Structures are given as C-alpha cells and as structure tokens.
Amino acid sequence: MTDAPLPDTPAPRTPSLIARAIDSDIFYSFRRSRLTMVAAAIVFVLLMMALFAPLLVVQNPFDPAQLELINSRISPLWTAEGQRPFLLGTDEQGRDIYSAILYGMRISLVVGVLGVSFAAVLGIGLGLIAGYVGGAVDSLIMRIADVQLTFPAILIALLIDGVVKSALGNHLDASTTLIVLVVAIGLSFWVQYARTVRGSVMVEKNKDYVAAAQLIGLPARVIMIRHVLPNTMGPILVIATINLALAIITEATLSFLGSGMPDTMPSLGTLIRIGNNYLFSGEWWVIAFPGLALASLILSINLLGDWLRDALNPKLQ
Amino acid sequence: MTALVQARNLKRAFDVSKPWLNRVIERSPMEFLKAVDGVSFEIKRGETFALVGESGSGKSTVARMVVGLLPPTSGDVIIDGVSMSDPGQASARKLLRRRIQMIFQDPYASLNPRLRVDAIIAEPIRAFDLIQGERDIRARVGELLTLVGLHPDDGQKYPHQFSGGQRQRIAIARALASEAEFIVCDEPTSALDVSVQAQILNLMRELQDKFGLTYLFISHNLAVVRHMADRIGVMYLGRIVEIAEGHELFRAPRMPYTRMLLGAVPDLAMSGRARIAVSGEIPNPIDPPSGCTFHPRCPEVFDLCRKVVPDLVDGVACHAVNKLIAPPSEAVPAARR
Amino acid sequence: MLAFILRRALQSIGVMIAVGIIAFTMFRFAGDPVNQMVAIDTTPAQRAEVRASLGLDDPVPVQFARYFINAVQFKFGVSYQFRQPVSALLKERMPATLELATCATVIAMVFGILMGIYSALRKDSFFAKVLQAVSLIGISLPTFLIGILLIYLFAVTLGWLPSFGRGDVVKFGWWTTGLLTISGLKALIMPSVTLGLFQMTLIMRLVRAEMLEVLRTDYIRFARARGLTTRAIHFGHALKNTLVPVITVAGLQFGSVIAFAIITETVFQWPGMGLLFVQAVQNVDIPIMAAYLLVVSVIFVTINLIVDILYTIVDPRLRATINRPA
Amino acid sequence: MSVPVLSVRNLRVEFASRRGALRAIDGVSFDIAKGEVLGVVGESGAGKSVTGLAAIGLIDPPGRISGGEILLSGLRIDNLPPEQMRRIRGKRIAMIFQDPLTSLNPLYRIGDQLVETIRTHLNMNETQARRRAVDLLAEVGIPAPDKRVDAYPHEFSGGMRQRVVIALAIAAEPELIIADEPTTALDVSVQAQIIALIKRLGRDHGTAVMLVTHDMGVIAETSDRVAVMYSGRIAEIGPVRDVVQNPLHPYAKGLMGAIPTLTGDASQRLVQIPGSMPRLSAIPQGCAFNPRCSFAFDRCRVERPEPIAVGAQQVACHLYDPRHSQDHAHVESVA
Amino acid sequence: QTLRYANQGDLKSLDPYTLRETTTIAHHGQVYEGLVGRGKDLQIIPALAESWETPEPTRWRFHLRKGVKFHNGDPFAADDVVFSADRVRAKGSDFTTVIPADAKVLKIDDYTVDFVLTKPNPILTSQWDVWYIMDKKWAEANNANAPTPAAATSPSFASLNANGTGPFTIESHQPGVKTVFKVNPNWWGKPEHNLKEIIFTPIASDATRVAALLSGEVDIIEPVPVQDIARVNGSANAAVMAGPELRTIFLGMDQIRDELLFSNIKGKNPFKDIRVREAFYKAIDIELIKSRVMRGLSTPSALMIAPPLFKLSGDFARPKYDADGAKKLLADAGYPDGFEVGMDCPNDRYVNDAAICQAVVGMLARIGVKVTLNAQPKALYFAKVFKTGGFNTSFYLLGWTPGTQDSHNVMHDIMGCRDDPASPRGATNLGGYCNKQFDALTDQVLQETDTAKRDQLIKQAYEIAAKDWAYIPLHQQALAWGVSKKVKIVQRPDNQVLPYWAVKQD
Ligand SMILES: Nc1ncnc2c1ncn2[C@@H]1O[C@H](COP(=O)(O)OP(=O)(O)OP(=O)(O)O)[C@@H](O)[C@H]1O
Ligand SMILES: Nc1ncnc2c1ncn2[C@@H]1O[C@H](COP(=O)(O)OP(=O)(O)OP(=O)(O)O)[C@@H](O)[C@H]1O
Ligand SMILES: [Mg+2]
Ligand SMILES: [Mg+2]
C-alpha cells in the first residue's frame, strides 16, 4: 500500500483514562476557571461534611434526648456569650446550629439527589420511549409533559403534600415527608429530562451510526441503550446538576412554607423557617448560618452546572 | 453471470401531508413526496454501479431501500436471489444481511462517538458471531485496520481523534468486518478534501480488486462517478432518466438533463467544451411538473413531454431521444392537480 | 394559521380537561368531602343524605361532568376553612396576585432583557461579569431568603417600605388595584422585586445566551460584512432574533411567576391566591387547592396560547412553515 | 500595472487557544488587480476563509492579525479604527459567505435588508434605495424583482438566495468582492449559474474578486490567477492555466492529480498524497508539507521555503531554489 | 383616627354564634353586644340590659336598654332577646351552653325579659358577655334564623353580614385578608375611643407581624412572639403590653381507650396506669420551659385554672421536677425502657406551642419515652383532637380559658367524664379523664351559692384530680400585645383585643 503513516498520528499510544481526563478540554476549562474550582471545593467540602456528619457534630440534632433546653439560645462561640462546644450557637431547643446545619444539609442533599435521580430515571425512560417509538405514544407522553410543565415544581409539590396529608389523615411523619418530597420533586422535574432525551434521540436516531447498527441487525432495544442513550447524556448531566440546585431550593422552600420537614427533623429550609421567627430578636445566628449554608451550597452547585454547560457546549469552545 | 443485485420498479413515497386539522380546514388533500418513483437497475457481481444526480433526486432513498433500512412503498430488491421484502424469505435474508454493508457520507455521524474504534469495528463481527474469542476478534480488528491503512493500535482511540479521511477508513473497515460482498456507498467522499478523496477512492478500488466486492456507488460528482463506476444511472426527481456504461455516458450523453449536468461541471482541463446553457433549478419534489419532470428546464421540450411520463427505453427516459418510438397506447397523461 | 390556532386551542382544551380530571380526583377522592362537612356525631343516615344531596352517589363520570360544568361556571364548592364559596375567595384574591405577577414580570422582562443585552454585547466588561455573578446569586438564593432579607433591610432597618400586605386599594367592580395609591405602590415594590428577581436573572441569562448565539450566526457576520453600523446590527438584527425565542420563555415564565407568587405572598402576607393556596395546603382545604389548580392552569394555558400566536406573528418563517409538520 | 485593488503583504493571523497562539495564516502575500479574479484553493483548514476574513477586517477574537499588512487600493486597512473599517466594508469590499441559507436574517424582508445596506453606504432616500434594490435583484437575475423584493428569505430557493446575497454584496458597487465558497452548498446546475453571474459582474463592473473554493474546476473556469494554499501559507500562485496544467509545488502537483476529471483516463489510479493536512497545533518545522512530500530533503524539515518566482508562477518550495543542487527534471516526474 | 390592628388569627365567621374562639369573639364584640358586658377588670357590667335581678333563684329578670338601634336602624327590643336566646341554643351554634337548654325565655314587655331556669344557676350571666344579641327582624328577613354551624357547606347571610348594636359596624370583610370596621355614630353609649375606623389584618407570620408593628404599619399586634418582646420594647415607636393571661396551657393523656391510637404498646393503654401519668408529670421541667422557651413570660401552674380565677389556688403546688423518680415510676409500671407515643400539638395557636411540645418531647426522651410529635396548624389540630374529630389523640397540648371565668367550666368541660354522649359534660375532655367523685363535686359547685363553701368544694375536686395525675398543667402564658406608642388601650386578661377602649393620638 502506498499509504505512508499519517503525519498527525504519531506513534500510536494508549493514554490512560486519567491522563486523557487531565488532557481533556473539560478539565482544562475547569482548571482555568478559578471560580469553578472554588465552587467545586465548596461542594466537595459540604458534601463530605454532610456525609460524615455523625462524626463531625457535637450532638445529633434529630434526637430530642440529646437536646438540652438549658443550652438554648447560646450565641456563636466568638461572641461574648458563646459557649463551648456550640460553634455557631444554638436555637431555642438547645439544638446546636452547626450540627443542625450538617444534618439539615444531609436531608437537603438526600432529597435533592434522590429527587433528581427519580426525575432523571423517569424522564430519561419516557423520553427514550417517546423519541424512539414516536407516533401516538410520543404525542401522549409529550402532551403529559406539556400539562406537567404548566405547573412549577413548588406547586406540584405543595399539591402532592396536601393530597397526601389529606389521604393520611393529617399525619405525616418525617420519613413519609421525605418520600413525599422526593416524589414531588421527581414528578415535577422529569419533563426537562424527557424533552431533552427525546430531542437528542430524535437527532441521534437519524444519524448514520444508528443506521450502521441497524444494518448489522441489532435489535432496537440494544441500539437505543448501547448507541443512542450514551450520546444523549451530556445535556442530561448539565440538567441534573442544575436541577440538583433547584431541587434543594424546592425542598428548602417547601420546608419554609411548612410543607416540608418537621421541626423535629429540620432540613436547612426548616431551620430557616424557624430562624425567621428570631429575625428581630437578635438571635440572628439561628437564621444566618443555615441561610448561608443553603445559599453557598446552591450557589456552588449552580456554578458547577454553569461551567459544565459551557464546557460541554461545543459552540463555546 | 446473473446480476447480484436487482432493483425492480422501486418506489418510495413519504407522507408530507399537513396535519389532519389543516387539511380539513383548508380542504387540502394528503400530500406525498415521491422520493423514488419507479427505479429499476441491476448490478452484476464485482461491478460498480453508480447513481448520480443532484440533491434530492432520491439517491440516498434508493440506497437505503437496497440495504433494507427503508421498506419500499412498492417494488422489490433482490440480492443473490433473495427478496429484501418477501416475508417468506426472512431466514434467507438474515443470512444475507452480513453480506451487505454500507458506507455513509458523513464520517462524523456514522461512527458512534462514545465507542472506541475497535468496538465499532468489532460490532458486526460480534453481531454475526463470525469469530469467537476476544483475542481472535482483536486480531481480526487489527488486521482490518491495517487493511484500510491504519495502525492496529488505533483501535484504542475514539473516533473524534481521527481526521475525516481516517474515519472514513474506519467505516470501510467496519463494512469489511462482516465479510460483506456488496457495499453501498452513499457519497463516501463528498465530505472529504480532494487529496483525501483520492486516497479513499483508491482504497475502495483496491479493496474491490482484492475481494471482488460489488459496489453501489452514489455521488453527485460526475467526475468521481466516472472514475469509479462501470455503469451509471442518472437520477432526476426520483427517476432514473438515463442509464449507461460509464464511458458511453460521458462520451455520448443522450438525455438532455445528462448533457446539461455534464455541461455544468467546471472543467479543469479547460478544454472549452460546447455546453448546454444551464437554466432553472430543481422543482419542488412535492409538486413535480407533469409528464417528464425535466420538461420545464429542457431545451428540447415539446408537447408530449408535458403530458406523458417517458419510459426508460434503451437506457434513456426521454421523448426527444426516443421520438421514433410511439408512446404506449395505454399511456394517459399523468393525473395532476 | 387558522388551523394552527385551532389546534393550539384544542390542545389547550385537552390540557384543561386533564387538569380538570386531576382537580376533580383531588376534590373527590383525596379525603371524603362528606366527612369534612358534617360533624362527628352525624348519623350514617344523615351522612347518606348529605352524600346524596351532593350527588356523590352518581356514577363517577356524571360527577366529573357536573364538577366540570360547575368549574366552567366558576363554581368550585365551599372552602373547608372559610366556609365560603371558593370562587368568591378566589375572585377576591385574584387581582392581588395578577397585579403582583404582572408587575414582577414587567420588572423581570425590562431589566432582564436590558441586562441580558448588555452582558451579551459587552461580555468581557467588568460590569457584565458583575451582572453575571449577580444573576447566579439571583438564581441561587431561594426566593424566601431574598424576601426576608429585603424585609429586614427596607422595612425593619430602614423603614422605607411596608413589610406586608397591599396597602390601600381602589375598587373597580370586583377588581381591586393597589396601583393608584401611594401606599399601594409602595407595598408593591418589595414583593414584585422579590418575585421578579428570579425571573429576571433567568431572562437575563436567556437573553445573553440567545444573543451570543445569534451574534455568532452567519447572517450577523454577513450584516457586518455589509458594513452595517454596530447599532443596526445589535439592535436591529440581533435583538429581534434574540427576542423571538425569549417571548415564548417569558410567556411560560408568567405561569411560573404566578406559581412562585405562592412563596412571595407568604413572605409578604400578600393577600393573593398564592397565600390562600398555602393556607389551603396547610389546612388541607381541598376545594381551594383544586380550584386554584384550575384557575392557574387556565391563566397559564391562555397565556401560552397568546404567546404561540404572537410567536407566529413575529416570525415569518413560522407563518409559512406552521402548516408543515415539524 | 496600476496599484492593485487588494494587496496582502506577509499576513499573519493567530488564534489564541489553550495551547498558545495558533498561527492560522503565516506569511501570506498576494495582490489582486482591478477586474481580476483570484482563485484561492486548498484543503479544508488551509486558511482560505481566514485570509478572506482578514482582508475585510472580520477576524474576531480569539483571532487577530498579528503581522503583515493589507492594502486596499494602496490604503492600509488592517489597522484602521473599527468605525472606519466598517465604512469600507460593504462599500468598498464586499463578502459572500458559503451558505446562502443562513446568510440572510430570516426575520426581515429581503427588500428591507437591501434598502438597509444601500442606505448605509449610499446617500439615498427610502424610495431611491428601494428602486435600486429592485434594480439589483433584476441584475442578479431574480425574476419579477418588484414583487420578490417584499418576500422573506425562506420564500426563496437556495440558488435564488445566493443571488440575493450577491445583490447585497454589490449594492454599493464595491471594488473588491470576497466570495468564500459561494457555490459549495448548491447543486451543480445552480453552481454553474452562480459562477457565471459572479464572472459577469466582475467583468461588467471591473470589480476585483477573490474567489475562495475547494473546487479546482471552479477556479479553472473562473479565475485569472490562482493561489494554492496549504497550512496557512501559499504554496503556489500564478496564472490559472499555468498552475493547472503545469503545477510546480509537489502539493499542487498532487492536488491536480488527485482530482478526477471528465476527460482523463478513468481506469488510472488517482494521484494520492499520503496523510492529511496537519492541525494548526502540530505544524511541522520547515516546510509544512514536508512529511507528506516524497521529495522532501533535509532542508525542507528545518527551513521554511520562501516564494520563488518560476516563470509567471511563484512557488514556495526548496526544490526550485536555484541553490538546490537537484535539477528540475527530477521533479517533473512526480506524477 | 384609623386604628390598624393585626392578629395572628382571623375573624372566622361574621355569625356571632358560629365559633367560640377568642379572636372571633373579640371582633364580634366591636359590632354586637350582649345583655351584659364585661368591664376593664372583667367585672360584669350592664350592656343591652340596663339592670337585672333574680326575683326567685330560678328566675332572672332583665330590664332592657331603651332607644337602642341596630346598625340598620331597627330598634332593639325584647323580641330580639327571645329570638337570640333561641337561636343561640339551636343546633349548629357553638354557644349552646350559655343558656341551659331547658330554660324558658319569656317576654314580659318590650323592654323586660325573664329567664326561667329549672335549677338555680348563680353564674348564669358569666358567659353572657359573649352571647351577642341579634336583630330578629333582620335575621328573619334574610333567612338567617338558624345559626351558621362551623361545618356549614354554604355560607348563610349572617355569616357574611353583620348587624349589631355595638360601637362599630363592619364596612367590609375579606376572610384572611382584611376586615374594616367603621365607627357607629348612633351607638347608645359614650365612646371612650377616638377612632373613626379600625382596619384589621390577620398576619399569621410572626416575623411579618412584628415587622409591621416596628415599621409603624400597624398600631397593635397580638401576640408579640416572646422572643421579639425585647426588640419591640427597644424600638422607638412601640412597646409591649404584657400581662397575665387567664389561659392555662396543659398536657392531656388519653386514659379512656383500652389501647392507644398512636403507640407501640399494643393491647393496653399505659396512660391508664397512674404511675405513668405521674412519671410524665414529673419528667417535665416546667421552670426550664419557662426560662428557655417562654423567656420568663409564663407562670407555671399547678392547677387547670389561672390563679386569679380561683381564690385557693395558693394551696396547690406543683410537684417537683424529678426525672429519676419519673424513670423509676415508669419502670415500676412495667416500662423500664419507656415506650413510644404520638403527640398532637398545634403550631399556631398558643405562645410557642410547638416549641413547648418539642421541649416536652426532649424531656420525655430523657426518661426513655419516645414521642413522635405531630405539630400542625390549629385548624387541622382541632379537627383531629376535638370531639368532631373523635378525640383522635393519645397525648396532646391544649390551652383553656374558662369562658365563665370560673372553675366550674373547667371542671365540667375539660375534666368531667365524657361517658354519656348525650350530656355536654366532658365535651373538651380530650383525654377522657373520668372520676365520678369529681363529677359529683362539679355538680355541687354549680348549685352552691355560698362562695367560701363553693371554693372549698372546688379545692376538693382539684385535689382529687391532682391525686389522679389527671392532667399535666403547665403554665399560664403571658399576654403580649405590641402597641404603638401613639395608642393607649386597655388590656384585659382574657386577651380580647377591644379597640373601643383605644385612644390614638396623631
Ligand atoms: N424521511 C423522509 N421524509 C420525507 N421526505 C424525505 C425523507 N427522506 C427523504 N425525503 C425526500 O426525498 C427526496 C429524496 O431524498 P434523498 O435523500 O434520497 O435524495 P439524495 O438524492 O440522496 O439527495 P442528497 O444529494 O441531498 O443526499 C428529497 O426531496 C427528500 O427531501
Ligand atoms: N474562530 C477560530 N478559532 C480558532 N481557530 C480558527 C478559527 N477560525 C479558523 N480557525 C483555524 O484557522 C485555520 C484556517 O481556517 P479556515 O476557515 O481559513 O480554513 P478554510 O481553508 O476556509 O477551510 P474550509 O475549506 O473548511 O472552509 C483552521 O485550522 C481553523 O481551525
Ligand atoms: Mg443523499
Ligand atoms: Mg472556509
């Protein structure tokens, strides 16, 4: 063969996965944005703190037996009335704010991650079906999505909460509430995934690599899962990140509105709702620190999501 | 030797009607785009048959019907005696599958960006269960890569790490992986630069010589077609308007459209050929002209052309060329709105 | 065009029927309405009587039809909490919410679009980066936190603006407006800013992204190659093309503004439908919840319809291709 | 000869990237005289479009002109303030892009887009501008221009749209038109029409044209002179007939041989240049073409060849350096 | 002057017989009047009745005020009293207890009405300040003869409109939003206020309510959350009016069911064991609740009635907080590891109600009892735990102010046996505490006219209850009104905010 080795393919090498990751454009853009790195660090630290909360706290704020009323309303450690070991002070029940934030963040993250996962699984599944099957099934799913879109997450979550309360006779314990929150968030966020996946599927399924797979007689299911699905994942990742932030906001808002986690098992939103009552009384730490924690968590996740979206957008490169 | 591939009066219409409600309100009928409207040809074993035509003439639709990616509205494709649409021959068709492969136009879209090259090439091998054992498969993939001029280690990379020409080589390797005999090439080089195009065209010809491959070669570039094909069919708005041996067609084009096409090709040799003035653009395929669809652009148009669809007689579908042959008595003007 | 509008209208009706079914299901099956109405010591016979009088014995489709017919006439039953017809309550609260939502949307649109244009055209300037950062904070701070902060700052600390309610309102028939009195206007400021902030950042980001996209298109490059002035390019060509998709999103946003009003109204005790709804959820007042759902979706669907029609008017391509399948 | 309409001197264009500045154009020089059509060919990424964009001053960040100069009828324009450059664009230099489907703003009637352009550059009122718009449409061969002037772009076919684009380009009777692959997106039959149109306009108005394309055939038909670009440099430039029939640069030779023709021997293998053009980030030392060149010798790998005049042609290849010991005969036998 | 006033709760219905709830009653008190009223110190004073006497122990005669007109101009006369007496006792009224069901109401003449009882009742008029007289003609004309039950499915005319004789009229009423009162220029009395208009706004959110006061948007708020008292007092334009309240906050336990509704103990009811009840009582550190949760603004109570309402309350003392003792008691009762029980609690009714409950949960956790707290809005809470909800609770927190300002009401309504469904006794005895001896004393108390003796009887009864550990009284919360410095108003310990004693300066 007259073909000489190609000049821009020097000695073929097989870079390791890590080497390739470090070399990739995404990692490059990551390293270039200091803000993104800070955000990633914050998210990582908060995530770790939430994960290992039981090891890092001075009390389990969810266990009433560990709350000492005598320790209530202590201001943060660095203030005049601060007391050990209550770094960020305590609330009216003697709950250590720092511990409560870690545990509250756990709830926020659990609800967020589970809710988003639920939404993603539901949305991706329906989107795949709609995009691949097409026709009446597609129309049906997309019309349902339209209806769903009519109602923002908060509204749906509130409705579900109200209906469940009504069905369970006004009584929701903490774990049921958690499930309700996850389901509510899942049910209100799936549309974006479904639409995105469907759109990608419609594009991808007309690409020739799918035709090539059809030619060798692979069944539709295999083609969908092996070929089409992985190629729709980029935008899904971005949506999931941004949705995680939204889900956490939604959970906090619901808790703030009184339809979320109960006072005995407070999430960040519940802490803020409780703290809101002490806004004027000088016990600012009860609301300030949970608020700060919530805002920085969401902001960091959003920053990551923003960066991810830009990094994955070929047009911006 | 009988033909390996026979296309018999292939037709394919796409429903492009407005939504039901619009049709009701505007009282418009259903609309069909006849992308392919009665195409027949044969390809002999080991030969290259080419289809040329401008964009939208239906070349890709024919290609997809030939390989079975798209069911024809009517007509049939018979490959090695097996019908591609007869339900009775399903099992025979299954066996046939691996002998037919396709190379696509866009080397960027025809390789799954998430799969490594060796996985892409190995996919047909696994799907048809041609070779057992990971090691043997890997060895075969390496062999195929070498065959198309790549390095066996290139299998470890992802498609985006290759240039367009290299990708097209990978696509060819994939087509060869299933030991295909008949390869449909839908504009395999139109996305490539000339220097790379030359590499690919040469490679395809080499492989044909080596393995006795049969090609259905589709292109809009007459020069490329001339270089590659033994026989050529010229398509216009879903029909083959002229079909001839390659050198015949270029030496003595008969159909005015062919002549116009040839005339429109910029001439590198600057030979100062006499050419037919090019006029007009391709009509809207949803509402094609009556009779011979080329008549609005044809310099030799006469009455009959506007009414009667010319048949392909002796390799040409043109009333002017076939003037002496009387129109068949049952031929009625094609119904048009 | 007619067919398009008709189809969208039909779809809207379909959506409404779907929402109606949900609302009816909630109304009918989430908790027994009879139990909510009678006292605990009511005898089974009396209950059956109430049940019959409410038509709860009829086949479910008949009940649904009745519910739907009533709903169309704006009859949604009686609130469990207030013992008043839900429709009267909603009617009373609707002006407050609509006024707030409109105000917030106007704020969001005007500032969002202006800021979006600015940060797209001067995307590397310091101020654009500040805007970008602010917008991120805007979508990251939950609405209720923003509301609380504003109250603390402007009502409590500075005492400039009222912290709750609508101020004085003027009545026009059943409509009440706070736009005509000083106190009404003052009361409107913080809630509408709070409510509009999120949408504003959203629109700003959308306009920015959309505009950057448009600025990269061939026709903008071609316009520059034609030597058009920067102003003509940015504000003639790019802006118009940017705003076409923004219209749709903004229309959709109006729906979510109404829903987000729930939070704002709670924080500011704004006497609108959202506050009513939150109270209804807390008190499991199903008729109000169901009715709210219906009313909000009517508003939403109507806006969507209008936006769709507007869209076709603005974009000549759609006018032509609307009749073609996508 | 009088002052060339466009004179590019040692142009360099760089794009900032994560791997540093990438030089997309590296020392390109050429002239276009009044009424002359200069064809620019080369593989994808050779720098054809960037050269055209540089000439009209539309290189956007992260790109910038990092060296050389561009003169329009003797006036240096590469360092003009933006506002002055804008006045030149459209009035004295016009550009036509590849894709007629996306070059027109879909939301505006073509008449409005024409009037806008005309009034930006010519001192006309609305009605005068509109009359001129109709004339222009007629000139580029749009049937019933007085009606079509109120149509939206989507109401035109691809060929018609490219005609509109051309009408927009010649609205102010520019001295120079830069046409960047004006026919690539079109069908062969339409392509011939558009090429004929550009040719006629150049002739009628004495406009200089820089015609960028991949298609050697188009160049052969249209151009007076041709520049063959490779990897951001001009490999060979000269009268079209000379370059086509007697290419000097090994790359140009290969290119000519690689093109299937309607006349040559179809059974023959095409000439094949191995490999592909290097990426900007990996341009080899010395002559950019050296890894693919079968005549490369040591000097090619270290020293960059400067253009050398050979007859009417100029070629950037060490083979033609008089100091080069080898004789020409050896090169002649490439194909 | 316009007085702006905000309350946590709302005026729930304009029908004065629909809901016996402090905020609602107080609002009706601006518009409607009873035959008798209560003065600034809660003493009974004449209102629509100028005077009354008891010619026989079972006959009460009322001489009505002449020249009084309803807001619509109808004159007030005996017929209205008779009508109101029937209406208030009709089905659907929440005030049926104010007049014994078997009492006869006789019109003697247009301005004299007799009430004939079957048994003597020395405290007959004690609840009459909230029995408002309605206009017979108006009610009949508007088809509002029957009281609007709280559970009505459609609103009656009277629930949307008001027509009383009081110092203010209702100009507009938007439930949950705003109610505007206008001064009644034709009021018979001499106004002690200087108001033209009262604008009432319910503001449920504590923070918003306080903010509204601090920013001067409202003149009076009720209540000021205890945590904000300092802040309000520190502000330039408002101050907190604090005072003792008559409401007693207490915990109740279901001791009537054989198995608790919300517990992990099956087949028996731990609260039936007196030791468990004692253990609960002793496990609660009320002083800590006072200092921490209530910020000192509560009076721990040993009794189910506020000390001002019972002379001998000083004889009772709360048993000491004793967690170890409690634990031991539990072990003795067979629950060494405690047990689980669900607790119901309102979260928007009493001062820091949910916080108190949480504190209780924590304290009980320390003796091993795992309490699952269900704190919810009062509407849901009441619907669940009250009679209408089937006493659907195992352990709850409730507050009670005897409407009669007298122990009998407490003994009868919340401590009496509820075993006879026909009798109103024990109507609010959510836990179902029952001691027949106690009930007998209750009946004696009703009829005993000698105050000293009566107090002794009451004391005996309370002693029985204490021995039974029937309830866990917690405290009387403090009243805390936030009042603008521009406004002077009288605060009554029954927590009715009555602006007709308000004076506002510019
Ligand atoms: N799925 C489809 N639905 C509707 N119309 C179709 C579809 N596929 C192809 N067509 C139409 O059929 C006609 C023939 O299309 P086809 O792709 O076969 O043309 P082609 O000759 O391959 O053109 P090109 O050179 O552009 O590839 C075109 O007018 C095209 O618009
Ligand atoms: N905006 C840009 N950013 C970075 N690199 C660019 C940019 N525009 C062009 N380039 C690079 O400059 C080089 C020359 O590009 P140019 O568009 O001029 O090629 P071309 O010859 O016109 O190719 P084609 O035939 O594909 O149009 C290419 O390598 C390209 O990657
Ligand atoms: Mg095709
Ligand atoms: Mg280019």
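If you're wondering where the values come from, they're calculated on a predicted model, not measured in any experiment. Here is the naming used below: chain letters follow the sequence lines, and residue numbers restart at 1 for every chain. Any value given below was found using the heavy atoms of this structure, including those in side chains, with hydrogens, waters and symmetry copies removed.
B/Phe32 CZ: more than 12 foreign heavy atoms inside a 6.0 Å radius.
Contact of B/Leu69 with chain A is made through the side chain alone, with heavy-atom distances under 4.5 Å.
In this structure the side chain of A/Leu47 never reaches within 4.5 angstrom of the side chain of A/Phe52, judged on heavy atoms. Contact annotation: the side chain of B/Gln156 never approaches that of B/Val117 to less than 4.5 Å [non-hydrogen atoms, C-beta and beyond]. By the 4.5 Å heavy-atom criterion applied to side chains, B/Arg64 and B/Arg12 are not counted as neighbours. A heavy-atom distance below 4.5 Å is not found between the side chains of B/Leu213 and B/Phe182. Taking the side chain as every heavy atom from C-beta outward, B/Arg169 and B/Ile172 never approach each other to under 4.5 Å.
Side-chain polar atoms of B/Thr48 and B/Gln208 form a donor-acceptor pair below 3.5 angstrom. A donor-acceptor pair shorter than 3.5 Å can be found between the side chains of B/Glu123 and A/His227. A donor atom on one side chain and an acceptor atom on the other are found under 3.5 Å apart for A/Asn243 and A/Tyr193. For B/Thr146 and B/Glu143, the side-chain atoms include no donor-acceptor pair closer than 3.5 Å.
Of all residues in residues 93-107 of chain B, those placing a non-hydrogen atom less than 4.5 angstrom from a non-hydrogen atom of chain A are B/Arg97, B/Gln101, B/Met102, B/Phe104, B/Gln105, B/Asp106. Within residues 204-220 of chain A, the residues approaching chain B closer than 4.5 Å by heavy atoms are, in numerical order, A/Lys207, A/Asp208, A/Tyr209, A/Ala211, A/Ala212, A/Gln214, A/Leu215, A/Ile216, A/Gly217, A/Leu218.
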